[in-house]
Amino acid sequence: MARKKQKIVVDLDLPKDDPTTRNFYLILAISILLGTASGLFWVTNSGFLPTPNGEPMFTNLACSTMTGNPEFNGPMTPSYAANQSCSILKDEAQVIVWEESDGWESFDRAAASFDMPGVNRETLPAGVVVMQPVTVTCTVDAKEPTPYTIAIRDKWKNPVPGASARGIAGLDDDCGLTVADLEPGQRYEFGIWTDDRDQYIDRMTFTFTAEYYDGIPDNMNNKSLWLGPTLGNTQLRPMIFLNFFGLTFFLFIFPASYYAERVALARNEKEEKFPDFLRDLAEYWKGGLSMTVAVQTLATSEYGALNDEVRKMSSQLSWGVKFGDVILLFAERVGTPLVKRAISLISEADRAGGKISDILITAANDSREIKFLEGERQRAIGSYIAVIWTSYGVFLGVIVVLAKVFIPAIADSNSGGGEGGDSGGQNIGNMQIRAIDPLFFLTIFYYGVTMQAMGNGAMAGLMATGRITSGFKHSGMMIVLAILVFNLIAFSPDLIGVQVLDGLNQSTEPYAPTRLSAV
C-alpha cells in the first residue's frame, strides 16, 4: 500500500536587516565617543579639575608623557625651560612690524625711538638663551650720491654691536641691517645721518621687523588656560577650550538627531504620496482589474518617494506572492503608523472578501486628512519657532555686547585702584568694587548661551513635530551659531588674556633734522 505523501512547510523566521536602525545606532555610538573625548578635553583645560602646580591637567598629562619631565607633576609651576621642552607649550616668537611707508623727507639727520618688548631675562633659568632678532629693510633716495649711516643705538646713544650699516644714496638706494639679538625691556633709537652735514636725503622709507618672546606659551594665556594656536595670520583660535564645551553637546545630540530627521523626512515624503496611490488603486479595482494587475500597472506611474516601494510590490506580485502578504511587507518597509493603520484595514478587508474599493477610498481619505492636519499644525507652529529663534538671536546678541563692550569697560574703569583701596578694585563711598576678570564673565556667558541653545532648540523641535530628535537638531544649529559668533567677535585677544602688541611704542615722527653724535 502506497504511503500518502506529506507536505512539509518550513517557516523561515529570519532576522530582518534594518539598515536605518543600524546606521542610527552606529552614528549615535560614534557621536558619544567623540563627544566624550571633546568633553574630557574641555574639562581638563577648564580649571574645574585643580592641579598641584596650577597648570591645566591636559598640559600636565601631555607634557609629562612627551618629555618625562617631573616638573609637570610637581607642586611648583613648570619653569620656562620645562615649557620649552614640550612641543605644545613652547613660547613662540611674536612678530611686530613697524613700517614707515610715507617716509622721512628732506633731512640730513633723522631718528625715532622705540621700546623692545620681551621676557625679562633675569627671570630665566641658567642656561636658557632667548634671542630676539631685528631686521630692517629700507630705501633711501637722494638727488646726488650721498654717503650715509643707519644704526640702532641704546638710550646712551651708543650703537648696538652689529646694528649699523653704511651706504650711498643716489647710487645704491636699497639698504638694511640685521641684528641677531636686541635685549628686551629697553628703549632704543633707530636713526640715519649723512656723512656730510651739507648733504641731504630726499626720502627714506623702511620696514622694521622685530621678534620677541613674552615668556607665556603661545597656546596659553597668562592665567594658564588653553587657548590653542591661532588660525593662520588671524587672531582666531578655533582650539580654545571653551569651544569644546559647545562641541561636546553638539556631538552628543546633533549627528544622530539629524540622521533621524532625514529618515523621518524621507518617510514623510512617502506618506504624502500614499493617499494618491490608494485612490488610484481603488479606481483600477473599480475598472475591473485585479489587485495584481492594478499594482503592476501603477508601478509605471509617478509617486515621487513612493516609486521604489510600488515597484517592489509589483515585483513581489510577479513572483507569485499573495497581495495580502505584499501590502503587509510594504507597511513593514515604510514603517509609519499612518501607513500601517491603512494597510491593516485593507488587509482585513481583503481577507474577509468585502468591497475592497470602498475600503481603499476610505483609507485614502483618512490618510489625506491626517496629512492635512499635520501640515496645518506645522504652519501654525511655524510662527512660534520663528519667535524662539529670534529670542535666542537677541539673547546671543545681548550677551556678546556685554562681553565685548560692557565688561571690558568696567574692568578698565576699576583696574587701577581707588583712593584708600588696593590695586584690585575701586572704592565708591563706602562701597568697594573689586577688579573683575573679563575672561571669567566671558566664560560664564558662553556656558549660559550654550545651555540656552539646548533648552530653546529642544522646545522648538517638540512644538514643531513632537519629536525630541527634531528639537536636538535645532539645539545643534543654535550651538554652532553661538560658537561662530563668540569666535568671530567675543574671543578677542584682550578678552581671553593674550597680549598682542600693535607696535613698538615708537615715536610718531622722526626727530627734527639735526646732527647726531658720530658713531
Side-chain angles (χ1 to χ4, degrees), residues 79-81 83-84 89-104 107 109-140 148-167 174-193 204-222 227 230 233 235 493-494 497-512 514 516-519:
S79 63
Y80 186 86
N83 287 338
Q84 289 296 92
L89 289 182
K90 279 188 175 181
D91 183 14
E92 300 291 344
Q94 308 293 322
V95 179
I96 301 180
V97 178
W98 165 22
E99 187 173 13
E100 287 290 346
S101 56
D102 294 335
W104 297 344
F107 61 89
R109 298 332 187 222
S113 59
F114 64 93
D115 292 328
M116 186 64 189
V119 61
N120 186 357
R121 294 182 175 177
E122 295 180 357
T123 63
L124 297 178
V128 176
V129 179
V130 177
M131 305 291 287
Q132 300 195 149
V134 171
T135 303
V136 180
T137 58
C138 52
T139 302
V140 182
Y148 66 87
T149 301
I150 60 173
I152 298 176
R153 307 192 302 180
D154 60 23
K155 60 183 178 180
W156 295 285
K157 304 298 182 181
N158 297 320
V160 174
S164 62
R166 297 179 61 83
D174 293 331
C175 62
L177 59 85
T178 300
V179 184
D181 180 43
L182 203 59
E183 188 173 348
Q186 298 186 28
R187 192 159 183 85
Y188 297 89
E189 178 186 79
F190 172 65
I192 179 172
W193 57 91
M204 176 187 179
T205 60
F206 65 87
T207 300
F208 190 106
T209 304
E211 297 183 12
Y212 76 97
Y213 293 81
D214 58 7
I216 301 173
D218 185 56
N219 296 330
M220 311 289 288
N221 76 343
N222 54 10
L227 302 179
T230 56
N233 295 326
Q235 289 301 327
D494 57 324
V498 175
Q499 183 183 15
V500 178
L501 302 179
D502 56 0
L504 296 170
N505 194 26
Q506 65 268 14
S507 305
T508 56
E509 296 180 357
Y511 293 158
T514 180
L516 300 179
S517 58
V519 177

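Numbers for residues simply follow the sequence, beginning at 1.
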Any idea which heavy atoms bring Thr205 and Gly103 closest together, and the distance?
CG2-CA, 3.8 Å
Among residues at least two apart in sequence or on other chains, which ones pass side-chain contact (heavy atoms from CB on, under 4.5 Å) with Asn222?
Ile216
Please identify which of these residues, Glu189, Arg187, Lys155, meets the side-chain hydrogen bond (donor to acceptor under 3.5 Å, both in side chains) condition with Ser113.
Arg187
Assess whether side chain to side chain contact (heavy atoms under 4.5 Å, CB included) is satisfied between Met204 and Ile192, documenting all intermediate values.
CA-CA 9 Å; Met204 176 187 179; Ile192 179 172; 3.5 Å; yes
Which heavy atom in Arg121 sits nearest to a heavy atom in Val130, and how many Å separate them?
NH2-O, 2.9 Å
Atom of Ala110, atom of Trp104 and distance for their closest heavy-atom approach
CB-CE3, 3.6 Å
Would you find more than 12 non-hydrogen atoms of other residues, nucleotides or ligands less than 6.0 Å from Gln499 atom CD?
no
Shortest non-hydrogen separation from Gly162 to Val179 and the atoms involved:
O-CG2, 4.5 Å
What distance do Ile150 atom CD1 and Arg166 atom CZ have between them, rounded to the nearest 0.5 Å?
11.0 Å
Enter the distance from Thr139:OG1 to Glu100:CD here, rounded to the nearest 0.5 Å.
13.0 Å
So which heavy atom on Gly176 is nearest to which on Ala165, and how close?
O-CB, 3.6 Å
Strictly distance-based, threshold 3.5 Å: is any side-chain N or O of Asp91 a donor or acceptor partner for the main-chain N or O of Gly215?
yes
Heavy-atom closest pair, residues Ile96 and Pro117
CD1-CG, 4.1 Å
Salt bridge (charged side-chain N to carboxylate O under 4.0 Å, His left out) involving Asp494 - partner list, sequence neighbours excluded:
none
Please examine the side chains of Gln235 and Val500, heavy atoms only from C-beta on, and report whether any two atoms are closer than 4.5 Å.
yes
Any Glu183 side-chain heavy atom under 4.5 Å of Tyr188 side chain
yes
For a quick check under 3.5 Å, do Gln94 and Asp218 share a side-chain donor-acceptor pair by atom type?
yes
Which residues share a side-chain contact (heavy atoms from CB on, under 4.5 Å) with Asn120, sequence neighbours left out:
Glu122, Thr123
Can you list the residues that meet the side-chain contact (heavy atoms from CB on, under 4.5 Å) rule with Thr209, with sequence neighbours excluded?
Val95, Val97, Thr207
Residues which pass ring-ring contact (aromatic ring centres under 6.0 Å, His included) with Trp98, listed by chain and number, not counting sequence neighbours:
Phe114, Phe206, Phe208
Would you mind listing every salt bridge (Lys or Arg N to Asp or Glu O under 4.0 Å) that reaches into residues 205-216, with sequence neighbours excluded?
none
Sub-3.5 Å donor-acceptor pair from the side chain of Asp181 to the main-chain atoms of Gln132, do we have one?
yes
In Å, rounded to the nearest 0.5 Å, how long is the span from CZ of Arg153 to CG of Asn158?
8.5 Å
